[in-house]
2 protein chains.
Amino acid sequence: MQEHENIFEAFLAEKGLKFTLPRKLILDTVFGLHEHFDAEQLYDLIHRVSKEVSRATVYRTLPLLVEAGLIQRSVRSESRDTFEHIWGHPRHAHWVCKVCGSVHETDMQDAVRILQAKARAQNFSLTEINLTLTGICWKCQNHATESQ
Amino acid sequence: MQEHENIFEAFLAEKGLKFTLPRKLILDTVFGLHEHFDAEQLYDLIHRVSKEVSRATVYRTLPLLVEAGLIQRSVRSESRDTFEHIWGHPRHAHWVCKVCGSVHETDMQDAVRILQAKARAQNFSLTEINLTLTGICWKCQNHATESQ
DNA sequence: TGTGAAATGAGATTCATTCTCAATAAGGAT
DNA sequence: ATCCTTATTGAGAATGAATCTCATTTCACA
């Protein structure tokens with residue numbers, strides 16, 4: 001069994017909840033991904049493998065994964081809530097281009113250390129950090145320049 | 001005329017758009033606020049003063065204010081998009097308690113400088129910074145301790 | 001194997017946001 | 001001032017992500 005399964009199972013047990021097959025399928029699909037995803041994409045992916053999991057269960061499981069510390073809400077894309085797994089991944093910042101919509105990531109360890117210190121100082125138990133930087137990427141700036 | 005009106009009018013003129021009465025009412029109401037707000041709250045506030053502005057116009061104007069750099073999207077509250085004005089306000093981080101839902105703010109100037117330097121280094125034209133820290137505030141931690 | 005609680009699927013529901021479209025207003029040109 | 005073109009608006013319909021309902025199924029444990 002992979003470690004994220006252990007973590008989720010322990011989390012569920014602690015709350016008197018069960019590690020069912022639908023939850024396992026959702027968890028494994030999430031950790032098979034290496035990109036941000038939303039509930040609908042996840043539902044589609046799971047359906048390629050199995051027709052066993054309903055949309056409702058996908059929506060119900062995602063908040064559990066967040067609470068377990070395995071995934072976190074990410075940059076909102078279009079009108080959908082998006083997620084990304086964070087277990088085993090260093091915290092990173094998201095740079096969102098408002099022209100082409102691209103999202104790219106950069107390391108954030110230095111900022112994380114500062115923020116964790118601030119959290120300790122004010123006795124805030126920090127579990128999620130979301131840093132999003134919006135603007136125009138260099139590619140889109142170049143396009144704008146060319147067309148002038 | 002207040003400065004935010006000048007900024008918005010210039011922004012609109014630049015795009016061949018008009019500084020109409022509904023847009024002026026929305027702008028002034030936004031800058032009369034000192035808290036985060038969502039479209040519905042804004043619509044209600046404007047209606048206390050005037051029945052002139054429709055919900056559709058509120059929703060249509062908010063993205064213009066974002067684009068003009070006068071407001072920015074803030075922490076999403078419940079299921080609604082929220083905003084806050086940023087013109088004349090230093091950038092700040094949001095600390096969201098996931099138990100009581102409180103949002104409190106702290107200064108972020110030091111982090112902003114680091115991020116602006118990073119943006120320059122990768123030639124990213126930075127316009128918005130959104131830093132949200134989620135966890136449990138000290139009050140809620142104390143409550144949890146008491147009840148054990 | 002029986003029992004009670006938790007979980008699920010299917011579809012209905014909710015509700016924030018966006019869209020449609022006919023009517024109106026603005027602002028430059030004459 | 002009066003056209004004329006284009007932007008804007010309001011009202012309500014439409015959209016669509018997310019949540020809820022509830023009858024049925026599954027699970028864990030005795």
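Numbers restart at 1 for each chain; the letters A, B, ... are given by sequence-line order, proteins then strands.
Nucleotide C:dA16 holds its P atom 15 Å from the CG atom of B:Leu42, rounded to whole Å. To the nearest angstrom, P of C:dT18 lies 13 Å from CD of B:Glu40. Between B:Lys15 atom NZ and D:dT6 atom C1' there is a gap of 16 Å when expressed in whole angstrom units. Residue A:Leu12 contributes atom CG, which lies 19 Å from atom P of D:dT26 at whole-angstrom precision. In this structure, CG of A:Asp44 is placed 14 Å from C1' of D:dA17, rounded to the nearest angstrom. Rounded to a whole Å, the CZ atom of B:Arg73 is 15 Å from the P atom of C:dA16. Protein atom NZ of B:Lys24 is 20 Å distant from nucleotide atom C1' of D:dA7, rounded to whole Å. Counting to the nearest Å, the C1' atom of D:dA17 and the CZ atom of B:Arg76 are 9 Å from each other.
A donor-acceptor pair shorter than 3.5 Å cannot be found between the side chains of A:His104 and A:His94. Under the 3.5 Å distance criterion, with hydrogens and angles disregarded, no donor-acceptor pair is assigned to the side chains of A:His34 and A:Glu84. Side-chain polar atoms of A:His92 and A:Gln109 form no donor-acceptor pair below 3.5 angstrom.
Note on B:Lys118 versus A:Asp110: salt bridge recorded, some NZ/NE/NH1/NH2 to OD/OE distance being below 4.0 Å.
Among C:dT8, C:dA16, D:dT9, the nucleotide with an atom closest to any side-chain atom of B:Thr57 is D:dT9. Comparing D:dA18, D:dT8, C:dA16 by their closest approach to the side chain of B:Leu17 singles out D:dT8.
Looking at B:Asp81, its side chain never comes within 3.5 Å of a backbone N or O of B:Ala39 through a donor-acceptor pair. The backbone N or O of B:Thr134 sits less than 3.5 Å from a side-chain atom of A:Thr127, completing a donor-acceptor pair. When atom types are taken as modelled, the side chain of B:Arg120 and the backbone of B:Asn123 share no donor-acceptor pair closer than 3.5 angstrom.
B:Asp81 comes within 4.0 angstrom of the backbone, heavy atoms only, and of no base.
Contact annotation: B:Arg55 side-chain N/O to C:dT17 OP1/OP2 distance is not under 4.0 Å. Distances shorter than 4.0 Å separate some side-chain N or O of A:Tyr59 from OP1 or OP2 on D:dA18.
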Are any protein N/O atoms closer than 3.5 Å to N/O atoms in nucleotides 19-27 of chain C? If there are, list each pair with its distance.
none

